[in-house]
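Basis for what follows: all heavy atoms, side chains included, without hydrogens, waters or symmetry-related copies. Residue numbering restarts at 1 for every chain, and letters A, B, ... go by the order of the sequence lines.
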Protein chains: 2
Amino acid sequence: MGTVRSASNRLPDDAAGKAAPIGRTAVVGSGARTVRASSPLEGGARGGRSAAEVVKINDVAREAGVSAATVSRTLNGRSSVDPVLAARVREAASRLGYRPNGVARSLRRQVTDVLALIITDVSNPFFTAITRGVEDVAQSRGLSVLLCNSDEDPGKESTYLHVAEQEQVAGVILSPHRAGSDVAHLRRASIPMVVIDRPLDEPVDSVMVRSREGARAATNHLIDAGWTRPACITGPGDAWTAQERLEGYLEAVREHGELDELWVHAPFRQQGGMSGAARLLDAPDPPDALFVANAQMALGVLEEARRRGLRVGVDLGVITFDDAPWTSFVSPPMSVVAQPAYDIGAQAAQLLMERVKGTAPEAPRHLWLSTMLIVRESSRRHGPG
Amino acid sequence: MGTVRSASNRLPDDAAGKAAPIGRTAVVGSGARTVRASSPLEGGARGGRSAAEVVKINDVAREAGVSAATVSRTLNGRSSVDPVLAARVREAASRLGYRPNGVARSLRRQVTDVLALIITDVSNPFFTAITRGVEDVAQSRGLSVLLCNSDEDPGKESTYLHVAEQEQVAGVILSPHRAGSDVAHLRRASIPMVVIDRPLDEPVDSVMVRSREGARAATNHLIDAGWTRPACITGPGDAWTAQERLEGYLEAVREHGELDELWVHAPFRQQGGMSGAARLLDAPDPPDALFVANAQMALGVLEEARRRGLRVGVDLGVITFDDAPWTSFVSPPMSVVAQPAYDIGAQAAQLLMERVKGTAPEAPRHLWLSTMLIVRESSRRHGPG
DNA sequence: ATGAAAGCGCTAACAG
DNA sequence: CTGTTAGCGCTTTCAT
């Protein structure tokens, strides 16, 4: 697949050995812990003494000659403070390089200015587009977004759900692995949540895509284009989106009667597309066109087609879900069912913001967005030769 | 660019209006706060009373008839407890559905089991591959990874650096926007850090790629292939990787004498590649081959070439950095300089783990990984027509 | 091995 | 408007 010219990497052994975990503090001297300034003689961190000590709110208070409460009020602007004192506080804070401890604040306030977005695959452009949507609206509201990659792994998913709970994030946007994903703890901690891309067996806000409709349109298009044995390569059986896209395919096929129903399940990855295509094409009476459930799989399909010397658009019609950045550059340009990924993210963040602020109605809201069929060349039937 | 069949999305207005922020608690009744069980008469959450109340360590302690300290010790396994009591504690904890409050724990322990990975572009496959590397080793060490997308925006970067500090993450892996990115606060908070992809003007661990070497090899390859006016489309001038790749190009060009030095800077995006190519090709004496500094830009180059009716591999030679998943499927297959992205992440995580555990030497370590030239078709010179 | 008590650093009632 | 006081929920000495 190309000439390789050079290579040289190495992954070093774990130089750490099996030593017991040690705290963050560098192990320099004996076990004696650093002593914090407490005697009035210390007089605060004056001048250029670049101590590694962390400045706390009380240091600032002392330096500014006010109470910690006033420092807090000044810096948070929640209550009015005498301008003179406020100035003194700000001055002291910046002189000392004070940085509020977010953990302490969170503990006290019980919320953070952070929200978590848990997706099933960072390397899928569909999800990164969603991410952008989420980020844009979150940022406009002054919140940060922490991305968590659950990788279609229930274990990782629950770990991240746990992290979100532990860290007391303001809200969670989740693309659940399965409808049964356990979010009870989040609910119990009353952390607002919005589900995207796939449904959840819980009464929560959601933003979904009419996948089935898109799949049906894609399959119909394949048939209209003159392909006579369209098949479907969809995601794993336990993924709702995979089922829906398969359903859409089946609906279309059934509308036309006479057609065989041909489909396989495979992981939502390039490798999955490859093996799925292989299984289908190895059948006694193989399909002449493929509706593929995601762009990463589509790449695998192209790979397998190439391996077999099948010309896409001639020997094999192909259309896929997701308008990845590369779709119009492959040969031939790939027809797709585009999902409004950015909007999914933006809408979900909207809904979440409303929950966070408490301005949302109690009943869960469900948004359904539509797909868009973009016909390029891979799905058209070009005469052989 | 394709026939569009249907579309229908909408982005609802901000239904929230401009109401002041309200805490997470649903605003149901008056201002009276929920009262916590404190009277001995309450007797703990027996039976099916599914209270929305959050269970705290003291509830578990009471339920198990031990002290909070014992509960903590049991659940953290840091000190030995009587097996009988331990069993009782565990039983009580699970019966009550106790979930330790991570924020409180972090405040006390001053660390979290989470590390932050700050990258400049989630939608760049190079960075998602890095992410996988980081995740794999972090997970094997029992840590979770929070991904932060700084988007080449110094503001966002510093926000995330701030979040990382606030949340007291165990460590940070950063792909800095500029060498001058301000990480002083992290250092002051003694949060371990590893820099990837680009250097930082600070004595910290780093994992980098010999970009310049790769760029030089790519350019030399273009020249060897028979192209006579190779040009370079690199990233923004303030990005180190962009400079290095340009340098590599220049080195190669200079080695050959006689050749003009042709290059432009542009954002590391598809759009950037497009405009960069346009500028270069619009010149009086345009190049006949392009060395592109990243895969997303390369897509833009393909777009521009198509727009102008230039045949890649015939009228225009192209080679790019990064072996994105689609590179071998575009037409013609794209030659690339592959970076060991996964390894960058894995190695960085390794280094970070050692710092977190305190088993690393004090002096910063610098790892340099090599690229790999993969020659496909886009860079070969095929006779016209 | 266990419990009591002392905070981690901050914010929010509550008086003044 | 400001300071005092009381925790947020947990872990960890320090005694026992």
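A heavy-atom distance below 4.5 Å is found between the side chains of Tyr98(A) and Leu75(A).
Two residues, Ser67(B) and Arg109(A), neighbour DNA chain C, and the one matched to the more 5' nucleotide by heavy-atom proximity is Ser67(B). Between Leu107(B) and Ser79(A), the residue anchored closer to the 5' end of DNA chain D is Ser79(A), taking for each the nucleotide with the nearest heavy atom. The nearest heavy atom of DNA chain C to Pro83(B) and to Ala69(A) marks one nucleotide each, and the one closer to the 5' end goes with Pro83(B).
Checked against dC8(D), dT2(C), dC10(C), the side chain of Gln110(A) finds its nearest nucleotide in dC8(D). Comparing atom distances between the Asp82(B) side chain and each of dA1(C), dT2(D), dC10(D) picks out dA1(C) as nearest. For Val81(B), the listed nucleotide lying nearest its side chain is dT2(C); candidates were dC10(C), dA6(C), dT2(C).
One can place CZ of Arg105(A) at 17 Å from C1' of dG7(D), the figure rounded to the nearest angstrom. Atom NZ in Lys56(B) sits about 12 Å away from atom P in dG7(D), given to the nearest Å. The CD1 atom of Ile57(A) sits 11 Å away from the P atom of dA12(C) (whole-angstrom rounding). Per the geometry, CG belonging to Asn58(B) stands 12 Å off C1' belonging to dT11(D), to the nearest Å. One atom, CZ of Arg62(B), and another, C1' of dG3(C), lie 16 Å apart when rounded to the nearest Å. When the P atom of dG7(D) is taken as reference, atom CG of Asn101(B) falls 17 Å away, rounded to whole Å. One can place OH of Tyr98(B) at 10 Å from P of dG9(D), the figure rounded to the nearest angstrom. In this structure, Glu165(A) places its CD atom 14 Å from C1' of dG9(D), rounding to the nearest Å.
Tested against Val172(A) for a side-chain contact (heavy atoms from CB on, under 4.5 Å), the candidates Leu186(A), Val194(A), Val183(A) yield a single pass: Leu186(A). Screening Leu147(A), Leu146(A), Val145(A) for a side-chain contact (heavy atoms from CB on, under 4.5 Å) involving Leu147(B) leaves a single residue, Leu147(A).
Judged purely by distance below 3.5 Å, without hydrogens or angles, the side chains of Ser181(B) and Glu157(B) pair a donor atom with an acceptor atom.
Remark: Arg90(A) pairs with no residue by the salt bridge (Lys or Arg N to Asp or Glu O under 4.0 Å) rule, at least two apart or across chains. Scanning for side-chain hydrogen bond (donor to acceptor under 3.5 Å, both in side chains) contacts around Asp205(A) gives Arg355(A), Arg365(A), with sequence neighbours left out. By the side chain to side chain contact (heavy atoms under 4.5 Å, CB included) test, Gln166(A) is found to be paired with His162(A), residues two or more places apart in sequence or in another chain being considered. Every residue two or more places apart in sequence or in another chain was checked for a salt bridge (Lys or Arg N to Asp or Glu O under 4.0 Å) with Asp113(B), and none qualifies.
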Evaluate Ile196(A) against Leu117(A) for side-chain contact (heavy atoms from CB on, under 4.5 Å), listing each step before the verdict.
CA-CA 10 Å; Ile196(A) 54 173; Leu117(A) 169 58; 4.3 Å; yes

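Val66(A) comes within 4.0 angstrom of the backbone, heavy atoms only, and of no base.
Taking every heavy atom of residues 70-77 of chain A and every atom of DNA chain D, pairs under 4.0 Å involve Thr70(A), Arg73(A), by number.
Remark: Arg62(A) engages Asp59(A) in a salt bridge, criterion side-chain N to carboxylate O under 4.0 Å.
With axes fitted over five pairs at each extremity, the angle between the ends of the helix from dA1(C)-dT16(D) to dG16(C)-dC1(D) is 40° (10° resolution).
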